Amino acid sequence: MRRYSAMPEQGALTIVRRSSSRSKAESCPTPTDEQLDSLDLDTEHLPAVDTPDACDKAALRLRYLLRQLNRGEISAETLQKNLQYAAKVLEAVYIDETKPAVARQQSAPTLVFRRLADEDDELSEVQPDAVPPEVREWLASTFTRQLATAKRKSDEKPKFRSVAHAIRAGIFVDRIYRRVTSTALMQFPQDVIRVLKTLDEWSFDVFALHEASGGAPVKYLGYELLNRYGMIHKFKVPPTTLENFLNRIEEGYCKFHNPYHNNLHAADVAQTVHYMLCQTGLMNWLSDLEIFATLVAAVVHDYEHTGTTNNFHVMSGSDTALLYNDRAVLENHHISAAFRLMRDEECNLLQNLSREEFREFRTLVIDMVLATDMSFHFQQLKNMRSLLSLAEPTVDKSKAASLILHCCDISHPAKRWDLHHRWTMSLLDEFFLQGDKERDLGLPFSPLCDRNNTLVAESQIGFIEFIVEPSMGVCADMLECILGPLHSSSKNSTSSAEPINEESTGTKDRNENSSKFKIRKPWVACLSDNKKIWKEQAAKDAEARAKQEEENNSVPPTTEE
Ligand code: CMP
Ligand code: MG
Ligand code: ZN
């Protein structure tokens, strides 16, 4: 179990960060008034800054300083000295983080802080015999990478404009009909209208939309969503410009004829993002511009995908890998190409945004799409978990929207079996085509790409257990954390922020403010059903392999040699 306390490990003191698994009883409580009252602000006799005790002392002092500042009862000198001490403690943590692991282990008894985003950690918790080595190798090579070093600007505190949001939710339905009936808007075929009636459902059938729309699901779904959320009206998007933009995006998704990364996948992810926005109440927490950026990010997130992975781009030395220096190669391309498209005035959705709105929109889309790079997965989850484990988490809008998009991007294993199965077969087709290319180029097979040697069922069980389930878990925790306060304040107002509900779903309460707030989690049952089916399939496959091996062994050797 992870604790926020010192534990000896290999001759060094190890401080392991707080995590959400920590129980309330274990938590380092906010100091009481009595504790603060008895605090001595002397800075002469403090523990060394790189000791565990220093952390507690610094935290306590910061709390005290905050209280005294509020009361206006503190001298500048005391404030300065204590802040200096706290800064040094934090710097000691940072310095220790940056030391190589070996140096850290040898420097007993110095502090060893576990890296904030120690992604390998997640995989090291996977029992060695729980997954086949191929699957493990695939998980490690696809979903981990070196810790990013770039520091971001500190997160903006989210603002809860509960009443306004509640009212906005109330008029949402009304807005849908007003916009849809507007004559200036694109005409939808009857079949498309019929399929779109189920747009708000978790297991929406995007394949049916593809059929009904004559192969243009992005055009209709993209249009419908931007219209439903009032974006066309709010950001004065000329309807023909939107239509042109969506047509060109759809074309880009079809450019390489990929079995999986095509216009259907874009539409699927956009619809799933819509579910998260409207069915959890997330739309009430985001501004119009943030909703606009999130929907557009979902639509363009794999634009002009080549049907090959980042690893393939790097290993084959593609032009795109050269352009983006082997980092988030595809994701950089999706974003860059989509913004390039918007330079064409006929496709420029953003033509009526102010300069500030454009900058904010662009930053949001870039952040969200870059975060769909799977090598960022463990880091992203870990960062969010650490944040949610704090007593008063402040979740940044861009981080929240990025996690939502990432989860929606990998959500098909959490949909109904027929949908999930179809997606999996398409993805494997795509992986195998890449394997064929690798073979032709004399490159080693990427994991899951060798059509003659891939454990399909096992890989899917691994993907569900180690990637999708934890992602959906963190995503739900985050939603409950950020929407809880919004929900409790809207309950007190005249309008209720539908469709938030209080179904009990078995996860732990986060804080008093949101103790009763739970979102619906239709993915939980789907994940469990799908995993069960894959497990049955895996058992059958193993049996077939054993039988095949037996047959091979019983065949007498040929006399050719
Ligand atoms: P992309 O859509 O770019 O981002 C998410 C990635 O997750 C996706 O590409 C695939 O590489 C990977 N992915 C999605 N579904 C599965 C699956 N069922 N099995 C293995 N990998 C998957
Ligand atoms: Mg992608
Ligand atoms: Zn995708």
Side-chain angles (χ1 to χ4, degrees), residues 131 134-144 206 218 249 252-253 256 258-273 297-313 320 324 328-338 365 368-378 380-381 402-415 417 419-435 446-449 454-472 526-527 530-531 533-534 537:
V131 284
E134 302 89 309
V135 175
R136 195 187 170 82
E137 188 199 330
W138 160 63
L139 290 171
S141 65
T142 313
F143 304 103
T144 64
V206 78
V218 167
I249 290 288
Y253 273 105
F256 297 96
N258 307 325
Y260 179 89
H261 284 104
N262 51 37
N263 52 339
L264 267 145
H265 171 64
D268 180 46
V269 174
Q271 187 275 332
T272 313
V273 164
V299 166
V300 306
H301 86 278
D302 274 331
Y303 178 55
E304 291 187 341
H305 198 291
T306 52
T308 48
T309 59
N310 279 340
N311 185 50
F312 181 84
H313 277 275
T320 325
Y324 296 114
V329 176
L330 283 162
E331 293 72 20
N332 270 306
H333 175 78
H334 307 319
I335 304 163
S336 172
V365 172
M368 278 184 250
V369 179
L370 282 181
T372 62
D373 174 0
M374 291 303 281
S375 66
F376 187 54
H377 167 83
F378 283 124
Q380 198 180 1
L381 248 58
S402 297
L403 182 63
I404 294 286
L405 179 58
H406 169 52
C407 289
C408 294
D409 198 16
I410 54 169
S411 66
H412 71 84
K415 303 280 177 75
W417 169 257
L419 302 172
H420 165 51
H421 186 250
R422 200 163 162 180
W423 286 123
T424 305
M425 292 304 121
S426 307
L427 184 63
L428 286 166
D429 274 352
E430 193 169 305
F431 282 165
F432 295 158
L433 287 171
Q434 174 172 321
S446 293
L448 306 196
C449 291
T454 289
L455 300 171
V456 174
E458 278 87 345
S459 71
Q460 291 312 294
I461 297 165
F463 189 61
I464 292 176
E465 284 185 347
F466 303 117
I467 309 294
V468 187
E469 274 177 346
S471 304
M472 298 310 283
C526 293
L527 283 166
N530 294 341
K531 209 159 59 168
I533 301 174
W534 283 124
Q537 180 75 45

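Just so you know, ligand 1 is whichever comes first in the structure, and atom 1 is the first atom listed for that ligand. This structure is a prediction, so every number in the text was calculated from the model and none was measured.
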For atom 20 (C) of ligand 1, grab the closest protein heavy atom and report residue, atom and distance to one decimal in Å. Trp138 CZ2, 3.1 Å

Which of the ligand 1 atoms, numbered from 1, are nearer than 4.0 Å to a heavy atom of Asp302: 1 (P), 2 (O), 3 (O)

Side chains of Ile335 and Val300, heavy atoms from C-beta outward: is any pair under 4.5 Å? no

Between His420 and Trp423, is the ring centre distance below 6.0 Å? no

Under 4.0 Å, heavy atoms only, figure out whether ligand 1 is touched by the backbone of Leu330, its side chain, both or neither. neither

Between Thr272 and Lys415, is there a side-chain heavy-atom distance shorter than 4.5 Å? yes

If we count only N and O atoms by modelled type, under 3.5 Å, do the side chains of Asn310 and Glu331 hold a donor and an acceptor together? yes

Checking the N or O distance criterion of under 3.5 Å, is ligand 1 in contact with Thr424? no

Closest approach to the Mg ion (ligand 2) by Asp302, given as the N, O or S atom name: OD1

In terms of residue, atom name and distance, what is the protein heavy atom nearest to atom 6 (C) of ligand 1? Met374 CG, 3.6 Å

Could you tell me whether some N/O pair between His265 and ligand 1 is separated by less than 3.5 angstrom? yes

Give the name of the N/O/S atom in His265 that lies closest to the Zn ion (ligand 3). NE2

Among all the protein's non-hydrogen atoms, which is closest to atom 18 (N) of ligand 1, and how far away is it? Gln460 OE1, 2.6 Å

Taking atom 12 (C) of ligand 1 as the reference point, the nearest protein heavy atom with its distance: Phe463 CZ, 4.3 Å

Kindly confirm whether the Mg ion (ligand 2) is within less than 2.8 Å of some N/O/S atom in Asp409? no

Side chains of Asn311 and Thr309: is there a donor and an acceptor less than 3.5 Å apart? no

Those atoms of ligand 1 less than 4.0 Å from some heavy atom in Ile410: 5 (C), 7 (O)

Ser336 vs Tyr324 side-chain heavy atoms within contact, under 4.5 Å: yes

min-distance protein heavy atom vs atom 4 (O) of ligand 1 -> Asp409 OD2, 2.9 Å

Provide the atom name of the closest N, O or S atom of Asp302 relative to the Zn ion (ligand 3). OD2

Are Ser402 and His406 close enough that a side-chain donor and a side-chain acceptor fall under 3.5 Å? no

Identify, for atom 22 (C) of ligand 1, the protein heavy atom at the shortest distance, and state residue, atom and that distance. Leu427 CD2, 3.2 Å

Report yes or no: does His406 have a heavy atom closer than 4.0 Å to ligand 1? no

Is the shortest heavy-atom distance from the side chain of Ile467 to the side chain of Met374 under 4.5 Å? yes

Would His412 count as a polar contact of ligand 1, with the cut-off being nitrogen or oxygen pairs under 3.5 Å? yes

Just distances here: any N/O of His420 and N/O of ligand 1 closer than 3.5 Å? no

Any side-chain heavy atom of Phe463 within less than 4.5 Å of one from Leu427? no

Of all protein heavy atoms, the one nearest atom 11 (O) of ligand 1 is Phe431 CZ, 4.0 Å

Nearest to atom 8 (C) of ligand 1, what protein heavy atom do you find, and at what distance? His261 NE2, 3.8 Å

Using only heavy-atom distances, determine whether the side chains of His265 and Asp409 contain a donor-acceptor pair under 3.5 Å. yes

Hey, which N, O or S atom on Asp409 ends up closest to the Zn ion (ligand 3)? OD1

Please find out if the Zn ion (ligand 3) and some N, O or S atom of His301 are separated by less than 2.8 Å. yes

Do the ring planes of His377 and Phe143 sit parallel (below 30°), tilted (30 to 60°) or perpendicular (above 60°)? perpendicular

Would you say His412 and Asp268 are linked by a side-chain donor-acceptor pair, where the criterion is simply a distance under 3.5 Å? no

Would you say the Zn ion (ligand 3) has His305 as a near neighbour, meaning an N/O/S atom of that residue under 2.8 Å away? no

Mode of Thr142 contact toward ligand 1 - side chain, backbone, both, neither (heavy atoms, under 4.0 Å): neither

Return the NE2 to OH distance between His261 and Tyr253, rounded to the nearest 0.5 Å. 9.0 Å

Between CG of Leu433 and CG of Leu428, what distance do you get to the nearest 0.5 Å? 11.0 Å

